[in-house]
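Protein chains get the first letters and strands the later ones, always in sequence-line order, with residue 1 at the start of each.
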Number of protein chains: 2
Amino acid sequence: MRPETIENYLKTIYNLSSNNTAVVSNQKIADKLSLNPATVTEGLRKLHGLKYVIYEKSYGSRLTTSGSKLALDIVRRHRIWETYLAKELGFGWDEVHAIAEELEHVNNAKLINKLASILGNPTYDPHGDPIPDAKGKIQKSNFIKLSETKVKGNYKVMGVTDHSPTFLKYLEKHQLIIGATINVKTIEDFDNSIVLVCQKKEVNISPKAAECIIVQSI
Amino acid sequence: MRPETIENYLKTIYNLSSNNTAVVSNQKIADKLSLNPATVTEGLRKLHGLKYVIYEKSYGSRLTTSGSKLALDIVRRHRIWETYLAKELGFGWDEVHAIAEELEHVNNAKLINKLASILGNPTYDPHGDPIPDAKGKIQKSNFIKLSETKVKGNYKVMGVTDHSPTFLKYLEKHQLIIGATINVKTIEDFDNSIVLVCQKKEVNISPKAAECIIVQSI
DNA sequence: ATTATCTTTTTGGTATGCCAAAAATAATAA
DNA sequence: TTATTATTTTTGGCATACCAAAAAGATAAT
Ligand SMILES: [Mn+2]
Ligand SMILES: [Mn+2]
Ligand SMILES: [Mn+2]
Ligand SMILES: [Mn+2]
């Protein structure tokens, strides 16, 4: 398997299993990578052979220790590049993901560590995702989804789980950027949409969008 | 053809034809890319179909206008990255080529132009090779090879045509770095090796090495 | 329990990028 | 000019990464 192919699978399995359950379905991988399910079955079998994944037929996949190590490294490269692009090169948080998607495959530890060092070894990327350190260690947090918050609570926006430019631009329009302070006013019975106050303006957030916004209680 | 494959061919043809004759042989391409000649024949036929090269069977290849444009763009990316790695990220001139070889395939004009702008839009890379501007224009020079210099002449080192770490480290050892001033003392009749003075020390340069050092008369 | 509906796997097949060996062609030397 | 050598092309094949459609298996609904 080409390194790039391996990296894309492992990163995807990592991202899918860290959010949801431990075991990842073929379909979710196929969706994320825009591949035919048949292709994913093949891919997982190969990754199982390479000992990067434990693939149990018709059930699901999870990373082995060595697969996890590699995945963490790719995630680090991706997030360091995103941060470097945003902080040092002036790109917007809606632009960095696409570029990092390519840069992450350039495998040179010295380069990544140098970028990280210039940035002051950051622990979060522009979307609020944690950046593993050079050893793969991740700082853990007590963040929750906006959809899980309680009425009348005060929160700080810590991240997003969707990196699409459309979503990020939408958030920016309402000042819902990282670090912003919000107050949850009400949750509509009708459609579960959340009404919150941010920068003294009232904003109505759909349940779908609320699933993609990460906050911390303050 | 995959973009990366196309880019590697076009860059190679460009590099080979700018130094030597206009038309490039299959063998030289095969050597540079470490490919079987049979593979190169196939590749060139495809590139001809794509209108990037004019490939005349059993004779040679040269770039079309559109091929040249693309080649210049890849060369720009490569050399901008080399310069950025050296100047902004602290890598040595013997290290940058290998990393740039990968980074050059990340195709994002905004990124490259941003890097170039940070560097002050440089016109030469760490090896003295000219960097095309965003439109593909290259500043031309009156540089010659050290092997073409005359006895008793004073010259300034402007570049190298070999990027291998071993060669570059060898040059560094003798202070033969870019910008260094040298005085050609004698050319040995026996083996055509060049004796020169650099930083007050006498150095003996083999004809092979002298072919790879670019200088300017001062 | 039996359908109906997803999901996964199998099967058969395509496109790309590569190589080794043989055949054809060109270049060089005798 | 003819032989020798080097280069290029053809041929037949291999590996990887993918897909569409059919078959098999798992889940959910009735
Ligand atoms: Mn991202
Ligand atoms: Mn991110
Ligand atoms: Mn180079
Ligand atoms: Mn260079």
Point to revise | Residue met sooner reading DNA chain D from 5', once B:Ala38 and A:Thr39 are mapped to nucleotides | key: B:Ala38
Review point. Are any of the side-chain heavy atoms of B:Leu111 and B:Trp81 separated by less than 4.5 Å?
Key: yes
Check your understanding: Reckon A:Thr41 touches a base, only the sugar-phosphate, or nothing at all at heavy-atom distances under 4.0 Å?
Key -> base
Exercise for review: Choose from C:dT9, D:dA17, D:dA20 the nucleotide whose nearest atom is closest to any side-chain atom of A:Met1.
Suggested key: D:dA17
Review point. From D:dT7, C:dT8, D:dC18, pick the nucleotide closest to the side chain of A:Gln27?
Key: C:dT8
Exercise for review: With heavy atoms under 4.0 Å as the rule, sort B:Ser61 into base, sugar-phosphate or nothing.
Suggested key: nothing
**Study point:** For atom CG of B:Leu44 and atom P of C:dG17, their distance in whole Å
**Key:** 13 Å
Exercise for review: Side-chain contact test, heavy atoms from C-beta onward, threshold under 4.5 Å: evaluate it for B:Glu7 versus B:Tyr9 and give yes or no.
Suggested key: no
Check your understanding: Rounded to the nearest Å, what distance is computed from the CG atom of residue B:Leu33 to the P atom of nucleotide C:dC18?
Key -> 8 Å
Revision key, fill the gap. Atom CD of B:Glu7 and atom P of C:dG17 are separated, to the nearest Å, by 12 Å
Point to revise | Under 3.5 Å donor-acceptor pair, B:Glu42 side-chain atoms to C:dC18 base atoms | key: yes
Review point. Given side chains that start at C-beta, do those of A:Ile205 and A:Leu196 come closer than 4.5 Å, heavy atoms only?
Key: yes
Review point. Which whole-number value in Å describes the distance from A:Arg45 CZ to D:dA17 C1'?
Key: 15 Å
Review point. Is the shortest side-chain N/O distance from B:Asn36 to OP1 or OP2 of C:dA20 below 4.0 Å?
Key: yes
**Study point:** Rounded distance in Å - CD1 (B:Ile29) to C1' (D:dT8)
**Key:** 12 Å
Exercise for review: Answer yes if the side chains of A:His163 and A:Asp94 hold a donor-acceptor pair under 3.5 Å, and no otherwise.
Suggested key: no
Check your understanding: Between D:dT9, C:dT16, C:dT8, which nucleotide has the shortest distance from any of its atoms to the side chain of B:Lys46?
Key -> C:dT16
**Study point:** Distance, rounded to the nearest Å, where B:Lys57 contributes NZ and C:dA23 contributes C1'
**Key:** 12 Å
Practice item. Taking only the side-chain nitrogens and oxygens of B:Tyr55, find out if one of them lies under 4.0 Å from OP1 or OP2 of D:dT9. Key: yes
Point to revise | Interatomic distance where CG belongs to A:Leu35 and P belongs to D:dT16 [whole Å] | key: 17 Å
**Study point:** Ring geometry between B:His127 and B:Trp93 (parallel below 30°, tilted from 30 to 60°, perpendicular above 60°)
**Key:** parallel
Check your understanding: Rounding to a whole Å, what distance do you find between B:Arg2:CZ and C:dC18:C1'?
Key -> 11 Å
